[in-house]
Amino acid sequence: MTAVHEPLSEEAAARLVQVASLSSARFVIRGGGTRSLFSPPEGTEALSTRALAGITAYNPAEMTMTARSGTPLAEIEAALAEKRQMLAFEPTDLKALTGAEGASTIGGVFATNASGPRRFVAGAARDSLLGVRFVNGCGEIVKAGGRVMKNVTGLDLAKVLAGSHGSLALVTEVTFRVLPVPETAATVVVSGLNDAEAAAAMATAMALPVEVSGAAHLPESVRGRFAGGALPGEGAATVLRLEGLAASVAVRQEKLAAELAAFGPVSVLDAETTKALWREIRDAAPYADGTARPLWRVSVAPTMGHQLVAALRLETGVDAFYDWQGGLLWLRMEADPEAALLRRYVKALGGGHATLVRARPEVLAATPVFEPQAEAVAALSAQVKASFDPSGVFVSRMVG
Amino acid sequence: MDQIGFLAPRPAVLARRREIVADLLDLMPPGCLVHEERELVPFETDAFVSYRRLPLAVALPETTAEVAAVLKYCHRYGVPVVPRGAGTSLAGGAIPQEDAVVLGLSKMSRILEVDYANRTATVQAGVTNLSISDAVSADGYFYAPDPSSQLACTIGGNIGMNSGGAHCLKYGVTTNNLLGVKLVLIDGTVVELGGKALDAGGLDLLGLVCGGEGQLGVVTEATVRLIARPEGARPVLFGFDSSEDAGACVADVIGAGIIPVAIEFMDKPAIEICEAFAQAGYPMDVEALLIVEVEGSDAEMDAMLGKIIEIAGRHGVRVVKESQSATEAALIWKGRKSAFGATGRIADYICMDGTVPLGQLSHVLRGTAEIVAKYGLRVANVFHAGDGNMHPLILFNANDPEDAARAEAAGNDILKLCVDAGGCLTGEHGVGVEKRDLMRHQYAEVDLAQQMAVRAAFDPQWLLNPSKVFPLEGRPAA
């Protein structure tokens, strides 16, 4: 059993890290443990943010919140909901997929840059992150960024900490931007399109001045597992979300439906169904199937998504659905993760990256879960890692 | 007030000047290296004109390979390099120094690809900001960040400074609209960061490079996000009896969950200056003016404006004036965007760029007025109110050194006030040399040391734009 440290304060965390930096102790940073992509290796200890919790400032009129990194995401979302605000990037909840237990933390959300359907128009978690406090690998308490929307004072360290999967520093506090919850939402559904037709339909929708805030394609193999099997129409469902003031959504919905009628039968989902559907898309619900079959989250150029799936299908058993206008694929392999094959095709189709988010523990351990970087970029990343954590206190699979 | 210092030129570099120029002439195509003293003069400063330094030479490469060759050479011989876009930095980000080679990207000004299906444009770094929107506008798209200098400033410079603009309240700043870059490292290595796929597969190095002020590498190409242009846009003028009323109105609009595309603020001196220049139809009998822009279909704009007008009513708005035509709308923005230029016609000025939390706007405006009065100077305020990014223009006479010193001192006091109010030194212009020596007011020593360590991970010898951003004392030995 790995030792777990739960420092009660930022200072205590800093002392722990400082001592570790002078010894051979190595830490794996842990939030709620719901997004971890590996079990801590032999000889490492867990450094938990659990006791570094609580919202420290929330100013709805300025659309900013500050919270300690161990604050449960649920607590943050509840506080925001009370003021009718939200995290614009729709953080994913992968617990049902991976079978993880525990409460996701805000620190974990930013450390994994966990961004949902709205990301492709409203930015990722990293785009909402305004400021951080963290303990670097020397045990120093450092702050970067601030609490205002526009800030170019010095290097933007918050950006590189977002999505760094605990490889650089122990983030102890985050300040982030929040947005008002849209008054209402609706989803326009086009039925029966194949993957290539859906890509064209989504590109058409994004070219219109209707502010689509979600664009996903749910092929026939998965559509029955969304919205309780009640999506309208036959075959695949291509879904486009609109949000905003009621009067405005009504106008845009009509415009969008009219344009998309050329592609196939069109129907519209109400606000309540829209909310549930996009939560399922966000969390890749169809693949929460109680298995450990390998599941990838792949980011490519939107027009390349369906080409990637088509190419893979010729060589291996794969099931997929698309978010971000086709640029985000949730890809489930039948047996082997086929990491090399997948990454070869990603590269051949203009580049992107694939992250293995679920597999049996021994497969996870044996597979490079993060996209291997080009040699020069990997070397640079290692230098950046060393600039935060020169003695390598923080162990993560992202940067060696 | 002490003048802002630059690093002492490296004697070894100055001593080899002739040789370096000869070597660079060999590396560059004909006509791409400037080295005659009188031809170097246009490169001695940028839009922060109070400071000037003649560079050793100016390389104007036409390809990424030439950029790499120059960097590799300078790295090998320890020659500082100052990257330069259009030289529009208000913070002195592109001011060279005597031992430095300026790497000007102005000849790399081609739009390489427009990809509507993926909503991206890939451009060379010397492309101007506005020309991206111009190239895609007929097809119904635009590139969102819109600094006031967008006619001249380059995308490479925008990336260096993480530039903003009036419309970033809704669309974000450069970093939120940048998908990828081709970056040349100081040793000449060319790397690609990001691309048409969203987010990073590894560490988000792109997020560091954007806003890195040309200290991490030289961007030669960029892939940026295009957005479908809204059906219509309508700027509306709201006149108030006091800056406090206008400031409180801004906070209430945002607090009510309404996010217009832009909320710009002008005080009376700014209104007078801009109106005299642009004849935009600004009301002249108010103390403060907000330009609020909404967009969408007519029905959508009417719905949103109705809510804003109602809130403005609660703050005693005296004038509400909607633009009635595209020409009027264009004039309203012309007035706002020429604020700096128009101010320059009546006086010399320095422009501050602090950002404060919205709740502190009124407090900081009052404090700004007191500081400027204490130094016996005048100020015009024109800024992005929706995100708290303030731009006090401090007016002075550049021919009077004492007046200039007072203006600089007043500016520093105002920036300290912004930081003390929970804000920051610079919201979109960058630190450059201008705010470098104030960095310790915002950051503790350990914070700066961490930033410098990250910077050194990219450029261990501190050759790239070395006199900028970080105070000269207390730097790690290169």
Side-chain angles (χ1 to χ4, degrees), chain A residues 59-63 84 113 119-120 123-124 126-127 136 140 142-144 146-157 159-160 162-164 180 203 206-209 245 247-248 251 299-303 324 327 350-353 370-371 373-374 376-377 380-381 383-384 386-387 398-399, chain B residues 116-119 140 161-162 164 172-173 176 189 191 195-205 207-208 211-212 228-231 251 254-255 257 296-297 299-300 303 355-359 387-389 422-428 430-431 439 442-443 446-447 450-451 453-455 457 469:
Chain A
N59 192 335
E62 289 171 6
M63 298 195 297
R84 292 199 52 76
N113 198 27
R119 187 273 171 263
F120 82 127
R126 59 91 92 172
D127 294 287
N136 68 14
E140 295 164 333
V142 182
K143 68 172 191 302
R147 65 179 176 107
V148 289
M149 304 291 169
K150 277 167 86 179
N151 184 352
V152 295
T153 320
L155 279 179
D156 198 350
L157 300 185
K159 288 281 182 302
V160 76
S164 65
M206 295 312 297
L208 297 171
L245 300 174
S248 159
V251 172
S299 178
V300 292
T303 52
W324 298 356
H353 50 93
F370 296 111
E371 185 75 27
Q373 303 291 299
V377 176
L380 198 52
S381 298
Q383 291 298 315
V384 170
S387 72
M398 179 159 262
V399 191
Chain B
Y116 291 131
N118 288 311
R119 287 172 298 112
M161 293 311 200
N162 189 13
V173 296
N176 313 114
T189 308
V191 297
K196 291 180 186 176
L198 293 174
D199 298 333
L203 291 182
D204 187 357
L205 302 180
L208 284 174
R229 210 182 40 231
E231 214 165 300
I254 301 284
S297 63
E300 290 171 72
T355 302
V356 300
L358 286 185
D387 40 35
N389 187 192
C424 66
L425 295 171
T426 171
E428 58 182 3
V431 177
M439 286 287 271
Q442 179 163 342
Y443 292 113
V446 66
D447 305 333
Q450 179 65 70
Q451 290 188 32
V454 173
R455 185 215 183 284
V469 185

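In the text below, chain A, chain B and the rest are named by the order of the sequence lines, each starting its count at 1. Since we're looking at a predicted model, the values are computed, not measured.
To the nearest 0.5 angstrom, B:Arg229 atom CZ is 13.0 Å from A:Leu208 atom CG. Interatomic distance, B:Asn176 CG to A:Arg126 CZ, rounded to the nearest 0.5 Å: 7.0 Å. Rounding to the nearest 0.5 angstrom, the gap separating the CG atom in A:Leu245 from the CD atom in B:Glu300 is 8.0 Å. Annotation: the span from A:Leu380 atom CG to B:Thr189 atom OG1 amounts to 9.0 Å, rounded to 0.5 Å. In this structure, CE in A:Met149 is found 12.0 Å from CG in B:Asn389, a value given to the nearest 0.5 Å.
For a residue to count as touching a neighbouring chain, one of its non-hydrogen atoms must lie under 4.5 Å from one of that chain's; by this rule B:Ser297 touches chain A with the side chain only. Using a 4.5 Å cut-off between heavy atoms, B:Val446 touches chain A through backbone and side chain atoms alike. With a 4.5 angstrom heavy-atom cutoff, B:Ala299 touches chain A only via side-chain atoms. Looking at B:Pro230, only its backbone comes within 4.5 Å of chain A, counting heavy atoms on both sides.
Residues A:His353 and B:Asp199 are in side-chain contact: their nearest non-hydrogen atoms beyond the backbone lie under 4.5 Å apart.
A donor-acceptor pair under 3.5 Å is formed between the side chain of A:Thr153 and the backbone N or O of B:Thr426. In this structure, A:Ser381 contributes its side chain and B:Leu203 its backbone to no donor-acceptor pair below 3.5 Å.
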Any chance you could lay out the side-chain contact (heavy atoms from CB on, under 4.5 Å) test for A:Val160 and B:Leu208, step after step, and finish with the verdict?
CA-CA 6 Å; A:Val160 76; B:Leu208 284 174; 3.8 Å; yes
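Pairing each heavy atom of A:Ala162 with each of B:Asp204, the nearest pair is O-CB, 4.5 Å.
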